Engineer: 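Can you keep this structure in mind? I'll have questions shortly.
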Amino acid sequence: MENQEQQASAADVLTQAIANKLDYLSTLQAAVQHGDDRQVYELLDQARYYQEIKKTRAARTVNHLAELVDNIHPQISHYLSDNLIDYLGHVYPFFYYEEYTTGRFHIYFGNWWDRRLFGDLDVVNVRFNFDKTEYQKLQRSFELEAQHQRLNTAKIEQISSESEALQKLMDAQSVRDNQKTQLREQLKENSQKSSMPWDTSKIKDERQQIVDQLTELADQDEKALNAHKAIKENDDKILVLSKEDTILNYEKQSIRDAFDDFEHFEAHNQSLYADYLNSLIGKSEGGVKTND
């Protein structure tokens, strides 16, 4: 009798667990059919929804039912992307999105030439996953404005100095040629010197100094021979860096136009989930998405 009761109790627990899963999936299905993106987001992460939208903890322990749809997140992301990207188009007018595979979106900054791939959009979690390197460039570019500099000012100045030094090497070829002629004469005179044994060390030192100077001039000659190529390479580097500074200026101006400054831009990024979900809550029934 006791075993039968235990078996019946186990069956009840299992039946309820299955019913909970079915109820979760049915509710999610209904939300999708009715175009209720807000409820879809609530069902996908109830704990976060209660914390950031209702400003309270979930009324009951998180039951992990959302894990039931983990393997169809790409399809869910694709479905939810329409309304989210429409919203982002108004708040972040300088971002453009490309769905490179189902439910996965690249973010591009701007619609100008040489626009940058700036990261990815996580639709399910309503979050920007910015490329760390590109984001830091933009952030640093804002910081350097206080010093009246661009991101690549120091690099461009360094490369320009290298090119100037190479140009001076080329311009000084005739001077080096004269120096080499004089040093060779000195080397010849040194080799013809007769001296007492105690002067031998001094003569050797003089010879070595002359040889060292000739070696240094030869090294400069070799650099001068390759200078044209090196200067061209430097010019190409400066062009790339200058283009990057120009693109960063476009990006900074776009952020100012939308958010006034970088700090407000960052603040909006942090509150994106709550801002978007509250915008969905504020919509009338006629404003929600309907599927064909």
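In this text the structure is predicted, and so the values were computed from the model without any measurement.
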Engineer: Taking all atoms of both residues into account, what is the closest heavy-atom pair of L68 and Y24, and its distance?
Structural biologist: CD1-CD2, 4.0 Å
Engineer: Using the side chain to side chain donor-acceptor pair (under 3.5 Å) rule, pick out the option among K54, R38, Q39 that qualifies with Y49.
Structural biologist: R38
Engineer: Kindly compute the distance separating CG (N226) from CE (M170), expressed to the nearest 0.5 Å.
Structural biologist: 11.0 Å
Engineer: So, for A274 and I53, which heavy atoms are closest and what is the spacing to 0.1 Å?
Structural biologist: CA-CD1, 3.6 Å
Engineer: Let me see the working for E266 and Y135 under side-chain contact (heavy atoms from CB on, under 4.5 Å), right down to the final yes or no.
Structural biologist: CA-CA 11 Å; E266 289 188 303; Y135 189 84; 3.1 Å; yes
Engineer: Is it the case that the side chain of D245 and the backbone of N152 share a donor-acceptor pair, with hydrogens and angles ignored and the cut-off at 3.5 Å?
Structural biologist: yes
Engineer: Can you give me the closest heavy-atom contact between E134 and D131, atom names plus distance?
Structural biologist: N-OD1, 2.9 Å
Engineer: Between F130, Y108, F94, F128, which is the residue that forms a ring pair (Phe, Tyr, Trp, His ring centres under 6.0 Å) with F118?
Structural biologist: F130
Engineer: Minimum heavy-atom separation for L144 and L151, please, with both atom names.
Structural biologist: CD1-CA, 3.6 Å
Engineer: Could you state the interatomic distance from CG (L138) to CD (E143), rounded to the nearest 0.5 Å?
Structural biologist: 10.0 Å
Engineer: Are the side chain of S161 and the backbone of E157 linked by a donor-acceptor contact shorter than 3.5 Å?
Structural biologist: yes
Engineer: Within the 4.5 Å heavy-atom criterion, are L121 and L88 side-chain neighbours or not?
Structural biologist: yes
Engineer: Scan side-chain atoms only and decide if Q16 and D12 contain a donor-acceptor pair under the 3.5 Å cut-off.
Structural biologist: no
Engineer: Shared ILVMFWY cluster between Y97 and W112, side chains joined below 4.5 angstrom?
Structural biologist: yes
Engineer: Are any side-chain N or O atoms of S77 and backbone N or O atoms of H73, one a donor and one an acceptor, separated by less than 3.5 Å?
Structural biologist: no
Engineer: Taking atom types as modelled and ignoring hydrogens, do the side chains of Y41 and R48 form a donor-acceptor contact shorter than 3.5 angstrom?
Structural biologist: no
Engineer: Could you walk me through whether R104 and D120 satisfy the side-chain contact (heavy atoms from CB on, under 4.5 Å) test, starting with their C-alpha distance in whole Å, then the side-chain angles of each, then the deciding distance to 0.1 Å, before giving a yes or no?
Structural biologist: CA-CA 8 Å; R104 295 183 179 274; D120 290 314; over 6 Å; no
Engineer: Could you tell me if the side chain of V69 sits less than 4.5 Å from the side chain of L44, heavy atoms only?
Structural biologist: yes
Engineer: Keeping the roles fixed (side chain from S279, backbone from Y276), state whether a donor-acceptor pair exists under 3.5 Å.
Structural biologist: yes
Engineer: Check for me, please, whether Y87 and Y79 land in the same ILVMFWY cluster - side-chain distances under 4.5 Å, paths through other members count.
Structural biologist: yes
Engineer: Is V123 reachable from Y96 through a run of hydrophobic residues whose side-chain heavy atoms are each under 4.5 Å from the next?
Structural biologist: no
Engineer: I need the single residue from R150, R140, R256 that forms a salt bridge (Lys or Arg N to Asp or Glu O under 4.0 Å) with E145. Which is it?
Structural biologist: R256
Engineer: With S141 as reference, evaluate K252, E244, E251, Q136 under the side chain to side chain donor-acceptor pair (under 3.5 Å) test and give the passing residue.
Structural biologist: K252
Engineer: Any chance you could measure N125, atom CG, to D45, atom CG, to the nearest 0.5 Å?
Structural biologist: 7.0 Å
Engineer: Please say whether more than 12 non-hydrogen atoms of neighbouring residues, nucleotides or ligands are located less than 6.0 Å from CD in Q270.
Structural biologist: no
Engineer: Is the closest side-chain heavy-atom distance between K243 and D114 below 4.5 Å?
Structural biologist: yes
Engineer: Do L248 and R116 have side chains that get closer than 4.5 Å, going by heavy atoms?
Structural biologist: yes
Engineer: Does I159 share a hydrophobic cluster with I231, counting links as ILVMFWY side-chain heavy atoms below 4.5 Å and allowing steps through other members?
Structural biologist: no
Engineer: Where is the tightest heavy-atom contact between D261 and I255, given as atom of each residue plus distance?
Structural biologist: O-CG2, 3.9 Å
Engineer: With rounding to the nearest 0.5 angstrom, report the OG1 to CG distance, T15 to N20.
Structural biologist: 11.0 Å
Engineer: Check the orientation of Y250 and W113. Use parallel for under 30°, tilted for 30 to 60°, and perpendicular for over 60°.
Structural biologist: perpendicular
Engineer: With rounding to the nearest 0.5 angstrom, report the CG to CG distance, L25 to L43.
Structural biologist: 10.0 Å
Engineer: Check whether the side chains of Y92 and N269 place a donor and an acceptor atom closer than 3.5 Å, and report yes or no.
Structural biologist: yes
Engineer: How close do P74 and T102 get, counting heavy atoms only, and between which atoms?
Structural biologist: CB-O, 3.4 Å
Engineer: Start with the C-alpha gap between F95 and F109, add the side-chain angles, then the distance that decides, and say whether ring pair (Phe, Tyr, Trp, His ring centres under 6.0 Å) holds.
Structural biologist: CA-CA 5 Å; F95 281 158; F109 202 130; 5.2 Å; yes
Engineer: Please tell me whether L80 and I281 are part of a single hydrophobic cluster in this structure, the criterion being side-chain heavy atoms less than 4.5 Å apart.
Structural biologist: yes
Engineer: How long is the gap from CD on Q33 to OG on S26, to the nearest 0.5 Å?
Structural biologist: 9.5 Å
